[in-house]
Amino acid sequence: DGLCVIVSVIIGSGIFASPGAALDRSGSPASAIIVWAISGVLSIAAALCYAELGAMLPTTGGDFVYLRRAYGKTAAFSFVWFNFWVAQPGSQAIIATVFGNYIVTLFTGLDQTTSNSTPSKAAAVLIIAVLVGVNCGGVRESSMLNKTLTAAKVVMLLCVIAAGVVYGCSHGSTARNNLSPSTSFDDTDASGFGPAMNACLWAYSGWQSLNFLAEEVIDFERRLSRIIIFGMAIVTSLYVMANIAFLSVLDSESMTDSDAIAIDFGKMISGSAFGGFFALGVALSTAGTLHGSILVGSRALFAAARAGQLHSALAELNSFGSPWVALLIQGIWSIVLVLLPGSDFSSLIDYTGPATWLYYAFTGSTIFYFRLYEKDLHRPYSLPWFPFPPVLLIVLSAFVVISSLIREPLYCGLAFVFVATSVPVWWLLSRYDVKGLTADKIEAPITCEHEAPVANALRPPDVEL
């Protein structure tokens with residue numbers, strides 16, 4: 001059951017959005033596959049670190065709690081600030097962009113595949129606005145919609161793998177050109193490995209919630225590591241096989257130029273009808289994922305406001321019990337990100353990914369503090385092979401951050417501007433009484449009294465594309 005939870009939480013439509021960007025940035029088919037595998041290893045290391053932290057401090061708040069206890073109030077507020085400006089709205093803008101690409105392609109005869117097009121952006125803005133409205137209507141109604149829209153993602157991935165195998169066996173020229181050992185490393189660009197990992201890591205999002213498996217696993221002290229490692233290995237293997245399937249059907253140029261790779265894949269396999277099937281499946285999957293992300297993200301802002309870390313207006317509830325101000329603010333900023341000049345899937349990945357992995361590494365590093373200064377804390381689950389996993393997490397995250405800043409400085413730099421402003425903002429809040437902001441309550445419990453408790457409410461979104 002634990003393996004099934006991991007696979008179902010992580011696998012989503014990110015695998016139908018990231019392969020082209022990963023291939024374009026890494027430069028060659030073989031290097032792209034290697035990057036997908038390395039990204040899986042990094043996600044395993046991060047999941048193992050979070051598993052120890054979650055079992056050791058099983059309280060609502062997640063990263064916020066770990067950073068506050070290890071490094072103090074400034075570090076904790078920095079995470080809240082980053083979550084408000086970058087993690088939640090950035091993720092939602094990415095998902096909406098993917099939705100726009102696929103749904104517009106579906107309704108324009110499968111000829112429109114650019115995320116910079118006006119129709120694609122309009123569709124992305126519309127789906128955000130609609131789902132913000134649905135969430136304002138209450139949790140019960142939005143939860144019912146979420147269940148309706150989340151069924152097709154694993155089936156879609158298995159269809160891709162199976163179709164790629166069949167097509168590759170009967171039409172072998174593309175597979176030979178892309179995957180032959182003699183040519184598959186041609187045009188490899190080592191400087192693009194970090195940005196390519198950034199694209200791949202988006203598709204692995206969801207491992208953050210695995211630390212909550214501890215309560216569900218029998219004999220978890222002994223079995224949790226194996227469940228995480230084997231579960232993540234299954235996901236990594238499926239992702240690698242899906243990329244091999246894409247490369248068996250589509251040439252490299254088609255993959256890098258496509259904003260809706262599943263459609264091009266389907267059209268090549270069996271014409272427009274199959275491409276339309278994939279377009280509809282990915283569009284529905286992304287709509288369901290975006291709905292869940294908006295639901296969780298607004299509750300994260302609500303929880304932060306009730307704890308005094310953001311303006312108290314964000315904690316206001318409407319008659320349906322929904323945090324309508326948080327929903328509106330979050331939706332507006334997500335729409336702004338979609339409409340920014342040059343905004344597309346790749347640039348939004350650059351905006352969200354590196355800063356997110358900076359905080360994953362920052363949070364993972366707290367394990368060293370707890371091992372050194374709080375040795376007596378009860379650890380139901382202890383991280384294996386310490387200190388290798390947190391060291392690997394920190395080193396590879398630093399590589400992703402630095403290389404992304406060098407290679408893609410605009411959107412990546414914009415995110416880090418927000419990160420940098422968290423320190424002076426916290427300094428001002430801690431010294432001046434700003435109406436609606438109560439920095440002295442930074443230690444307040446992070447819970448939602450009027451909603452079901454939000455597990456790990458202040459972590460970066462664990463809802464995968």
Side-chain angles (χ1 to χ4, degrees), residues 2-3 6-7 9-10 31 33-58 62-63 65-67 69-71 75 190 193-194 196-198 200-214 217 219-237 239-240 353-354 356-404 456 459-460 462:
L3 292 177
I6 289 177
V7 173
V9 165
I10 296 175
S31 61
I33 291 173
I34 291 172
V35 167
W36 277 97
I38 294 174
S39 298
V41 172
L42 174 55
S43 298
I44 290 173
L48 290 171
C49 292
Y50 272 61
E52 174 169 318
L53 292 170
M56 181 177 62
L57 297 171
D63 301 61
V65 172
Y66 314 146
L67 290 170
R69 185 155 177 165
Y71 301 139
F193 270 43
M197 284 183 65
N198 188 30
C200 296
L201 288 167
W202 171 254
Y204 285 98
S205 296
W207 57 261
Q208 305 94 310
S209 61
L210 302 186
N211 53 346
F212 292 100
L213 278 176
V217 176
D219 192 19
F220 71 87
E221 297 93 338
R222 184 174 59 89
R223 300 177 63 191
L224 188 56
S225 293
R226 283 184 289 173
I227 290 173
I228 290 174
I229 292 170
F230 286 129
M232 292 297 298
I234 291 172
V235 173
T236 302
S237 299
Y239 281 178
V240 168
T356 297
W357 279 90
L358 171 70
Y359 277 95
Y360 288 154
F362 194 23
T363 299
S365 71
T366 62
I367 288 180
F368 293 104
Y369 169 85
F370 291 119
R371 292 267 184 141
L372 185 62
Y373 295 107
E374 299 198 35
K375 299 178 182 179
D376 295 332
L377 273 175
H378 177 55
R379 289 176 171 81
Y381 164 79
S382 186
L383 175 70
W385 309 304
F386 181 83
F388 179 70
V391 169
L392 182 65
L393 171 59
I394 293 167
V395 170
L396 287 182
S397 296
F399 171 70
V400 170
V401 169
I402 294 170
S403 59
S404 296
N456 219 8
R459 64 172 183 260
D462 60 3

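Note that the numbering runs from 1 along the sequence shown for the chain. Quick note: numbers below take in every heavy atom, side chains included, and nothing from hydrogens, waters or symmetry partners.
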Chi angles and distances behind the side chain to side chain contact (heavy atoms under 4.5 Å, CB included) call for Glu374, Arg69: CA-CA 10 Å; Glu374 299 198 35; Arg69 185 155 177 165; 2.8 Å; yes
Chi angles and distances behind the side chain to side chain contact (heavy atoms under 4.5 Å, CB included) call for Leu57, Phe370: CA-CA 11 Å; Leu57 297 171; Phe370 291 119; 3.8 Å; yes
Pair Ser31-Phe193, side chain to side chain contact (heavy atoms under 4.5 Å, CB included): steps then yes or no: CA-CA 8 Å; Ser31 61; Phe193 270 43; 3.7 Å; yes
Criterion side chain to side chain contact (heavy atoms under 4.5 Å, CB included) on Trp385 and Val391, from CA distance to verdict: CA-CA 11 Å; Trp385 309 304; Val391 169; over 6 Å; no
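For the residue pair Asp63 / Tyr360, no side-chain donor-acceptor distance below 3.5 Å is found, with atom types taken as modelled.
Rounded to the nearest 0.5 Å, atoms OG1 (Thr366) and OH (Tyr373) are 13.5 Å apart. Of the inter-residue distances, the one linking Met56 atom CE with Arg371 atom CZ reads 8.5 Å to the nearest 0.5 angstrom. Going from atom CG of Leu48 over to atom CG of Leu53 covers 11.5 Å, rounded to the nearest 0.5 Å. Atoms CH2 and CD1, on Trp36 and Ile33 in that order, are 11.0 Å from each other to the nearest 0.5 Å. Within the model, atoms OG1 of Thr236 and CD1 of Ile229 stand 11.5 Å from one another, a figure rounded to the nearest 0.5 Å. Rounding to the nearest 0.5 Å places SG of Cys49 at 8.0 Å from CD1 of Ile394.
Scanning both residues, Pro354 and Val401, for their nearest heavy atoms gives O-CG2, 3.2 Å. Among all heavy-atom pairs drawn from Pro387 and Phe368, the shortest one is CB-CE2, 3.7 Å. Scanning both residues, Ile228 and Ala47, for their nearest heavy atoms gives CG2-CB, 3.7 Å. Minimum heavy-atom separation, Ala75 to Leu67: O-CD1, 4.1 Å. Pairing each heavy atom of Leu392 with each of Ala45, the nearest pair is CD2-CB, 3.9 Å. Across Val35 and Ala196, no two heavy atoms sit closer than the pair CG1-C, 3.7 Å.
Contact annotation: the side chain of Pro389 never approaches that of Ile367 to less than 4.5 Å [non-hydrogen atoms, C-beta and beyond].
Using cut-offs of 30° and 60° on the angle between ring planes, the pair Tyr66 and Tyr50 is perpendicular.
Pairs passing the salt bridge (Lys or Arg N to Asp or Glu O under 4.0 Å) check and including a residue from residues 385-398, sequence neighbours excluded, do not occur.
Ile402 meets the side-chain contact (heavy atoms from CB on, under 4.5 Å) test with Ile406; sequence neighbours excluded. In terms of the side-chain contact (heavy atoms from CB on, under 4.5 Å) criterion, residue partners of Leu42 (sequence neighbours excluded) are, by chain and number, Met197, Leu201, Trp357, Leu393, Leu396, Ser397.
Shown here is Tyr369, whose OH atom has more than 12 heavy atoms of other residues, nucleotides or ligands within 6.0 Å.
In this structure a side-chain-to-backbone donor-acceptor pair under 3.5 Å is missing from Tyr204 to Val41.
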